[in-house]
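The structure appears below as C-alpha cells.
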Amino acid sequence: MAVTAGAFFHAAEALPFAALDEILAPGGLLVLAPHPDDESLGCGGLIALAARQARPVCVAFISDGAASHPGSRDYPPEALRALRESEALGALALLGVPPGMVRFLHLPDAAVPHEGMRFLAAVERLSGLVRCIGAGTVLASWGHDPHCDHQATHAMAAALRRRHPGLRHRPIPSGAIPCRPRPRSAWRRAVPGWRSARCCRTSAPPSAPTAPSLAR
C-alpha cells in the first residue's frame, strides 16, 4: 500500500518518545551518509543528542555529492564537491561533531558501487571506523530507498553487520521515501542547532526534505 510523506509524518507524530539509549546500542555511533546533507536532514537531531551524551560519533560521507547540479555553471562538479564538503563540516560542527570525526570516501555521486573491489575497499575502511570508535550502532539508508546511492550505502551497512555481529542498524530516511516508523527521541526539544545545521546547506537541491523522521 502506498503511503504519502504527509501521511507518514502525521503517523510519526503519534509515535511514543523513547530515550536515546533505547534507540541506539551501547557504544559509538557511525553514520553513513550517502551524500553530504543526508546526515543533517535525515538524523541531525539524533547525531546532536548522541554527541551531547559524549558518545563517540563519526560521520562518513559515501559519495562526493558532485552530481546534484548537472550542467550547472554556478556549481561545476569540482567546485560543488569542495562546497558540499565545507557545508558538511560546518553543519556537523553545529551538531557537536568535530572535523576529526568526519570522513569523506569520495565515491562518485549517482554511481556508488554496490559490489566489486571499490565496494569492498569502502566496507574495509568503514569497518576500521567501527573498530576505532567502538560503534554499537550504524545509521544508514533504509533498504527500500529507491535512490541508487542510498541502496549502495544500505548494502555497505549490511556488510558491516556481517563483519561485526551485534552492530545495530537504524535507517536514515530520505526525501524520496520515508522509512518505517521507529521510536522517536525528543530531539526537537533539546537540539535547536538542528535547524542551523540545515541552513548550512545552501547547495542542497531545492527538493531536499524539510524534516527528519528517524528519532523524531
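Hydrogens, waters and symmetry mates play no part in the numbers below; they use all other heavy atoms, side chains included. Quick caveat, the model's predicted, so the values are computed rather than measured.
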For the residue pair [X] and [Y], establish whether any side-chain heavy-atom pair is separated by less than 4.5 Å.
X    : Y    : answer
L129 : L126 : yes
L30  : I133 : yes
E87  : D37  : no

Stepwise side chain to side chain contact (heavy atoms under 4.5 Å, CB included) check, D74 with H69: CA-CA 9 Å; D74 295 328; H69 294 68; over 6 Å; no
Find the distance between [atom1] ([X]) and [atom2] ([Y]) and round it off to the nearest 0.5 Å.
X    : Y    : atom1 : atom2 : result
R170 : L139 : CZ    : CG    : 9.0 Å
E39  : L92  : CD    : CG    : 5.0 Å
L160 : L32  : CG    : CG    : 6.5 Å
L94  : S40  : CG    : OG    : 8.5 Å
H35  : L41  : NE2   : CG    : 12.0 Å

Under the salt bridge (charged side-chain N to carboxylate O under 4.0 Å, His left out) test, residues paired with D149 that sit two or more places apart: none
Return the minimal non-hydrogen interatomic distance between [X] and [Y], and the atom names on each side.
X    : Y    : result
D109 : S68  : OD2-N, 3.6 Å
H150 : S141 : O-CB, 3.1 Å
A122 : L105 : CB-CD2, 3.8 Å
P113 : M156 : O-CE, 4.0 Å
H164 : S127 : NE2-OG, 2.6 Å
I172 : G42  : CG2-CA, 3.8 Å

Pairs flagged by salt bridge (Lys or Arg N to Asp or Glu O under 4.0 Å) wherever residues 150-169 is involved - sequence neighbours left out: E124-R163
Among I23, L29, V31, side chain to side chain contact (heavy atoms under 4.5 Å, CB included) partner for T137: L29
Pair H144-H154, ring-ring contact (aromatic ring centres under 6.0 Å, His included): steps then yes or no: CA-CA 9 Å; H144 298 284; H154 175 82; 8.0 Å; no
List the atom pairs, donor and acceptor, that lie under 3.5 Å between side-chain atoms in residues 53-62 and the rest of the protein, sequence neighbours left out.
{"unit_1": "R55", "atom_1": "NH1", "unit_2": "A25", "atom_2": "O", "d": "2.8"}
{"unit_1": "R55", "atom_1": "NH1", "unit_2": "G27", "atom_2": "O", "d": "2.9"}
{"unit_1": "R55", "atom_1": "NH2", "unit_2": "D21", "atom_2": "OD1", "d": "2.8"}

Short side-chain to backbone donor-acceptor contact, R84 and P36, under 3.5 Å: yes
